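These notes are about the structure you will find just below.
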Amino acid sequence: MSFNVSERYNCVIIELKGNVMGGPDAVNLNEKLHELIDQGKKNVVVNLSKVKFMNSSGLGMLIGGLTTLRKAGGDLRIANASDKIESLLMVTKLITVFKHFRSVDEAVASFEEK
């Protein structure tokens, strides 16, 4: 897995690519989130449009990110989840935990609604 970080308006967009399976990738993502929090950037959208596969460790990685950001007074939202990943979120009932959107633009706009 790899990820790109960009900023749009009041949000940081993290675009994940490849297979999301936790492990060392989870550590890298967590370090990046702590860097962002230290910079005062607490609204994050995770773009899943280029994710091919996600296992339970990958889900755990997203939950860890969500917890980290919420503790810091921010939030993590998901955009562009494939049907396969969306069904994984439904089966695990995590669909009720994450705010999820069809597009990055919708997810970014959702932070404006606070």
Side-chain angles (χ1 to χ4, degrees):
M1 178 196 95
S2 65
F3 60 88
N4 291 328
V5 178
S6 60
E7 289 187 46
R8 192 178 308 171
Y9 308 114
N10 63 335
C11 267
V12 174
I13 293 134
I14 298 177
E15 180 183 54
L16 302 181
K17 291 180 185 169
N19 296 330
V20 180
M21 298 168 55
D25 295 330
V27 174
N28 294 341
L29 184 65
N30 195 29
E31 285 172 359
K32 181 47 122 178
L33 291 175
H34 281 286
E35 257 175 58
L36 294 169
I37 290 166
D38 291 344
Q39 296 167 15
K41 299 170 186 171
K42 299 175 187 168
N43 292 340
V44 174
V45 173
V46 177
N47 182 358
L48 298 175
S49 64
K50 295 184 177 163
V51 172
K52 295 180 181 93
F53 173 81
M54 184 181 293
N55 66 7
S56 58
S57 297
L59 282 176
M61 187 173 88
L62 290 179
I63 293 165
L66 178 72
T67 306
T68 299
L69 286 159
R70 285 193 177 162
K71 278 184 187 168
D75 202 6
L76 182 146
R77 299 182 182 176
I78 293 176
N80 294 322
S82 67
D83 290 344
K84 200 185 280 184
I85 291 171
E86 208 166 270
S87 64
L88 182 65
L89 291 169
M90 283 183 198
V91 167
T92 58
K93 305 256 189 291
L94 290 173
I95 202 95
T96 60
V97 175
F98 289 101
K99 291 183 179 168
H100 54 98
F101 300 87
R102 289 271 163 228
S103 72
V104 170
D105 289 338
E106 283 177 35
V108 169
S110 73
F111 282 111
E112 299 290 330
E113 295 163 11
K114 281 186 180 174

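The structure displayed is predicted, hence computed values, not measured ones.
- Taken to the nearest 0.5 Å, the CD1 atom of Ile78 stands 12.0 Å off from the CZ atom of Arg102.
- Note: the hydrophobic cluster containing Ile37 does not contain Val27 (ILVMFWY, side chain heavy atoms under 4.5 Å, direct or indirect links).
- Cation-pi geometry between Arg77 and Phe111 is met: the NZ or CZ atom falls under 6.0 Å from the ring centre, inside 45° of the normal.
- Leu88 and Thr92 make their closest contact through O-OG1, 2.9 Å (heavy atoms, listed as atom of the first residue, atom of the second, distance).
- Under a hydrophobic clustering in which Ile, Leu, Val, Met, Phe, Trp and Tyr are joined whenever their side-chain heavy atoms come within less than 4.5 Å, directly or via other members, Val104 and Val20 fall into different clusters.
- Residues satisfying the salt bridge (Lys or Arg N to Asp or Glu O under 4.0 Å) test with Lys41, not counting sequence neighbours, are Glu7.
- Between the OG atom of Ser6 and the CD1 atom of Ile13 there is a distance of 4.5 Å, given to the nearest 0.5 Å.
- The line from CD1 of Ile85 to CD1 of Ile95 is 11.0 Å long, rounded to the nearest 0.5 Å.
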**Report entry** Audit row: Leu76, Thr68, side-chain contact (heavy atoms from CB on, under 4.5 Å) steps and yes/no
**Finding:** CA-CA 9 Å; Leu76 182 146; Thr68 299; over 6 Å; no
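- Taking a 6.0 Å sphere around CG of Asp83, one finds it holds 12 or fewer heavy atoms contributed by other residues, nucleotides or ligands.
- Considering only heavy atoms from C-beta on, Lys99 stays 4.5 Å or farther from Ser110 through its side chain.
- Linking Ile, Leu, Val, Met, Phe, Trp and Tyr residues whenever their side-chain heavy atoms come within less than 4.5 Å places Phe3 and Leu36 in a single cluster.
- Ile14 and Val108 are not part of a single hydrophobic cluster, where members link through side-chain heavy atoms under 4.5 Å apart.
- With hydrophobic clusters built from ILVMFWY side chains whose heavy atoms lie under 4.5 angstrom apart, Met90 does not share a cluster with Phe101.
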Under 3.5 Å, sequence neighbours excluded: what are the donor-acceptor pairs made by side chains of residues 44-64?
{"residue": "Asn47", "atom": "OD1", "partner": "Ser49", "partner atom": "N", "Å": "3.0"}
{"residue": "Asn47", "atom": "OD1", "partner": "Ser49", "partner atom": "OG", "Å": "3.1"}
{"residue": "Asn47", "atom": "OD1", "partner": "Asn80", "partner atom": "ND2", "Å": "2.9"}
{"residue": "Asn55", "atom": "OD1", "partner": "Ser57", "partner atom": "N", "Å": "3.0"}
{"residue": "Asn55", "atom": "OD1", "partner": "Gly58", "partner atom": "N", "Å": "2.8"}

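- At a threshold of 4.0 Å, the pair Asp75-Lys42 does not count as salt-bridged, since none of the basic side-chain nitrogens sits closer than that to a carboxylate oxygen.
- Atoms CG and NE2, from Leu69 and His34 in turn, are 8.5 Å apart once rounded to the nearest 0.5 Å.
- Counting only residues at least two apart or on different chains, no salt bridge (charged side-chain N to carboxylate O under 4.0 Å, His left out) pair has a member in residues 17-27.
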